[in-house]
2 protein chains.
Amino acid sequence: MDTTLWLALIIVQLSAYFYGVYGEGNYTYEIKTIDVPIDHFSYTNDATFKLRYLINNTFASSNDHESPILFYAGNEGDIELFAKNTGFMWEIAPKFKATLIFAEHRYYGHSLPFGNASYDSPKNLGYLTSGQALADYALLLSTVNAGNATTRARPVIVFGGSYGGMLAAWFRIKYPHMVAGAIAASAPVRQFQGVTQCGIFNQILTSVFRSAYTPECSSNIRNSWTMLQNHSTSADGLRVLNEKFHFCSNLTKASDVTETFFEYLTDVYGNLAMINYPYESNFLAPVPAYPVREFCGRLAQNYTGTELLDHLQSALTIYANYDGKATCLNINSSYDGSGIGARGWDFQACTEMVMPMCSDGVNDMFPPQAWNLQDYADKCFKKYGVHPRPHNALVNYGAEFLESSITNIVFSNGLLDPWTGGGVLRSTNAKIKIVLIPEGAHHIDLRASNPKDPETVIRARATHTQCIREWIDEYRKQRKNF
Amino acid sequence: MDTTLWLALIIVQLSAYFYGVYGEGNYTYEIKTIDVPIDHFSYTNDATFKLRYLINNTFASSNDHESPILFYAGNEGDIELFAKNTGFMWEIAPKFKATLIFAEHRYYGHSLPFGNASYDSPKNLGYLTSGQALADYALLLSTVNAGNATTRARPVIVFGGSYGGMLAAWFRIKYPHMVAGAIAASAPVRQFQGVTQCGIFNQILTSVFRSAYTPECSSNIRNSWTMLQNHSTSADGLRVLNEKFHFCSNLTKASDVTETFFEYLTDVYGNLAMINYPYESNFLAPVPAYPVREFCGRLAQNYTGTELLDHLQSALTIYANYDGKATCLNINSSYDGSGIGARGWDFQACTEMVMPMCSDGVNDMFPPQAWNLQDYADKCFKKYGVHPRPHNALVNYGAEFLESSITNIVFSNGLLDPWTGGGVLRSTNAKIKIVLIPEGAHHIDLRASNPKDPETVIRARATHTQCIREWIDEYRKQRKNF
């Protein structure tokens, strides 16, 4: 065998090893599909589609009935992305001799109920709901993990982060016979109207930017909106912006600035806070360690005039071009290349996942914008032909006094994560565990362990593992009693 | 005022009083409706319909936030029938200063999503599912009993008998944030494939008939099938049957006997056992006290030949003509006049409520008939154009080891009730209460108290009341902790 090939193989294997331990994953799995009804909740038609899931059985005990299943409740994107970014599950699987399953959420990745026509109209897209997704997962589990009158199914622990964390919690709430417990990381299950104030998200976000490097970071951002808007009203101003920011498509009218670019910036700031991990990562975008600090390092003093624009542009490259591959700034989607399904999520946000957001420009760094359900609903109807049901999630899953009537869920939240404002942060119920991670960004606890992990993240993972052990023991004990 | 009218009024009021205490009800309520989506689980269309509910606020405390709501999860029929036959709720409402709500199940009574066209095709009828009905109830409760971030909603206790009992249990399981506890009376939540043996129902039923008067009762019934079948094969035989039984429409062919009449008899035996109450009642039909004993009193010796037919005919009048109003025997529906929605239930039995039944003629008094899912499914498709999803209820609600992961449900079962075989009869979970009523028929514990109630029924109701009190206390305590 050629020595060069040998060396290459060794390098690949070494990097695979380090990836497996520290990184975003060279994890192995089989890709399978299962036929599920497009509509679990009516008998108006029998159509089915292929839901994709990933499975790894290499750690499982040969005695199937003892071996747990660690199940990831897929969220808004290709499930492979989440499998690769949920290293915690891969790390504990050998300890628990567990089977790993990552289920893809319908309408994302390759799990498209109507193929390429899935997003065509509400007639096709209307089955994109959390309830239908949970029913997919339940059917999948009941198929791969069937119990019967005398033999109970294997214990299942469900995991998820962000919307996936909401699904994990809701899965335990709605199907308690099917999952022994849930690790719901950074799950904003309370981010609904009447439960959480609409301004909290932007206040936490602003605080993260204010405290990351110097307080000037957030005040520069606060000042930038007016400056950008001023530039938007003249041809000269637009020319300046186009020259400074190198957009992939030149901005040609005011709304390109105040709508498209503003939305992009807002998304980027939110995303930067979410992925503000203490090490290089590539989840929503390739970014350095502590990307908010890096970003704010470039907005560290009080800038005015075009100097502010220059520094903002430079700071943005932390998110938009950290790998140096971008030749221009694409502001049409802050998610590009990440595999996250922005369109699908946008539809969900227009139907049941109506999460009120607002800003006042005083307690946060954003242009003042009140929450107006009617405007929001009108836009949704114009875009998708649907009327939001803003109370649906609350009616269906609860959120106000949620913790009092449910069991075996860990709600973990990083205090540096803007979504934490809509999380479950306290409980008087001993069967609901609250884990706060002061130095944590968005579901960092579900990621693979890393030498740079803060102590609080390490402790959070230890708590998860302890709870999982208890839930499995409890489940096995119940089984013996029957 | 005319004295006769006065006297008439006094008599009406007195009988109303005694009805209220002992009887099937002169209960008062307002009839209201609420607009609910036809499809809670998709956004393919926005159509709504009017769901009917009954409400009584006369017992409730003026301090609304303390006062509980006693909520009946309506089952397969006009909700007024269930309100009138659930005297237990009316009796405890004053003690708890509670509001009473009885919600009608979609597609029954006056709650028809597509009006007169509701039963036309699966396209319209397909939204008749337990999940959609529970979502109706959740939406109703969230509307009449809205909580918010600081004020928790009033405690709700859900009640139901039979299918309504299944819904009550499932409501607590699926919406634990919305109901503090459930009284699930005679709820066969385990009467599904792979969980409960298909023969149990008919074995219990046979045992009730064997022990009601003399053992000859069940052996006469067992012998009757062959005799009836023999008569079905000749014009002479059919003539004899027509003369003996006075059918409303003469039987003219073999299948009129072996299908229509057999089905009717099977239903009647089942119904007689279910309503085998120790006092006169009028739920599925007007019947005397202990109707099975009355029935079996007319089949008390070993009869053969046409003598058996004569006695069977005489016995049937206990069910079919106890009030003496029938001029002929209508075998097209055993439910006639009761308001129970046989057609809707038949559709549900063909979709998700697939409850395997079988008989062997040895351990039961019925013609041997194996359970054959394929035949069953074929018949359903022929009748309604739908394919059953026989595992749906198990996947959705659990049943096998159900009791281990849920809380605050009383499962009560009368041991004289054939549905008890599919009930939850044991639990290792201290938060799930099992109540067995040795002398009880179908959900007798939910009926108004009666001087003829056996001691075990009185004790069952005391347990219910105690549990309700505990659940309300627990709920209030949780509220204080938030």
Side-chain angles (χ1 to χ4, degrees), chain A residues 37 39-46 122-129 131-132 135 138-139 141-142 147-149 152-153 173-178 180 194-196 347 351-352 384 386-387 389 391-392 394-402 404-408 428-429 474-475 478-479 481-482, chain B residues 37 39-46 122-129 131-132 135 138-139 141-142 147-149 152-153 173-178 180 194-196 347 351-352 384 386-387 389 391-392 394-402 404-408 428-429 474-475 478-479 481-482:
Chain A
D39 189 357
H40 290 273
F41 299 98
S42 89
Y43 289 86
T44 55
N45 77 71
D46 277 329
K123 201 170 156 290
N124 287 0
L125 195 47
Y127 303 101
L128 168 50
T129 71
Q132 300 275 3
L139 187 57
L141 271 177
S142 75
N148 59 40
R152 196 173 185 188
I173 294 171
K174 289 292 187 190
Y175 297 84
H177 56 289
M178 210 162 258
V195 182
T196 294
F347 178 80
T351 48
E352 61 174 348
Y384 296 109
V386 291
H387 296 288
R389 297 180 190 161
H391 304 295
N392 224 37
L394 289 180
V395 172
N396 201 10
Y397 304 113
E400 291 142 347
F401 295 81
L402 177 70
S404 58
S405 48
I406 54 180
T407 60
N408 293 13
T428 56
N429 173 348
E474 178 191 87
Y475 183 94
Q478 285 163 359
R479 179 164 57 187
N481 284 339
F482 275 87
Chain B
D39 188 358
H40 290 272
F41 299 98
S42 89
Y43 288 86
T44 55
N45 77 71
D46 278 330
K123 201 171 157 290
N124 287 0
L125 195 47
Y127 303 101
L128 169 50
T129 71
Q132 300 276 3
L139 187 58
L141 272 177
S142 76
N148 59 40
R152 197 173 186 187
I173 294 171
K174 289 293 185 189
Y175 297 84
H177 56 289
M178 210 162 257
V195 181
T196 294
F347 178 80
T351 48
E352 60 174 349
Y384 296 109
V386 291
H387 296 289
R389 297 180 189 161
H391 304 295
N392 223 38
L394 288 181
V395 173
N396 201 11
Y397 304 112
E400 290 142 346
F401 294 81
L402 177 70
S404 57
S405 48
I406 54 180
T407 60
N408 294 12
T428 56
N429 174 347
E474 178 190 85
Y475 184 93
Q478 286 163 358
R479 180 163 58 185
N481 285 339
F482 275 86

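Labels below follow one simple rule: chain letters A, B, ... track the order of the sequence lines, proteins then strands, and each chain is numbered from 1. All values below come from the heavy atoms of this structure, side chains included, with hydrogens, waters and symmetry mates left out.
The two residues A:His40 and B:Arg389 come nearest to each other via the heavy atoms O-NH1, 3.4 Å.
Most heavy-atom pairs under 4.5 Å with chain A: of the set B:Asn392, B:Thr351, B:Val386, B:Asp39, this distinction falls to B:Thr351. Between chain B and the options A:Pro37, A:Ala138, A:Ser42, heavy-atom pairs under 4.5 Å are most frequent for A:Ser42. Ranked by heavy-atom pairs shorter than 4.5 Å toward chain A, the options B:Leu125, B:Asn396, B:Leu139 are led by B:Asn396. With respect to chain B, the highest number of heavy-atom pairs below 4.5 Å among A:Gly126, A:Ala135, A:Ala180 belongs to A:Gly126.
Checked against ring pair (Phe, Tyr, Trp, His ring centres under 6.0 Å), B:Tyr127 has no partners two or more places apart in sequence or in another chain.
When atom types are taken as modelled, the side chain of B:His177 and the backbone of A:Val395 share a donor-acceptor pair closer than 3.5 angstrom.
Neither the backbone nor the side chain of B:Asn124 comes within contact range of chain A; no heavy atoms are under 4.5 Å apart. B:Asn408 does not touch chain A: none of its heavy atoms, backbone or side chain, sits under 4.5 Å away. The part of B:Thr129 that comes within reach of chain A is its side chain, from C-beta onward, which places non-hydrogen atoms under 4.5 angstrom from that chain. Looking at B:Tyr384, neither its backbone nor its side chain comes within 4.5 Å of chain A, counting heavy atoms on both sides. Only the side chain of A:Ser142 has a heavy atom closer than 4.5 Å to any heavy atom of chain B.
Distance check, rounded to the nearest 0.5 Å: CG of A:Leu394 to CE of B:Met178 gives 9.0 Å.
For the pair A:Lys174 and B:Tyr175, the cation-pi criterion (under 6.0 Å, within 45° of the ring axis) is fulfilled. Stacking of B:Lys123 on the aromatic ring of A:Tyr43 is not recorded, the 6.0 Å distance cut-off and the 45° axial limit not both being met.
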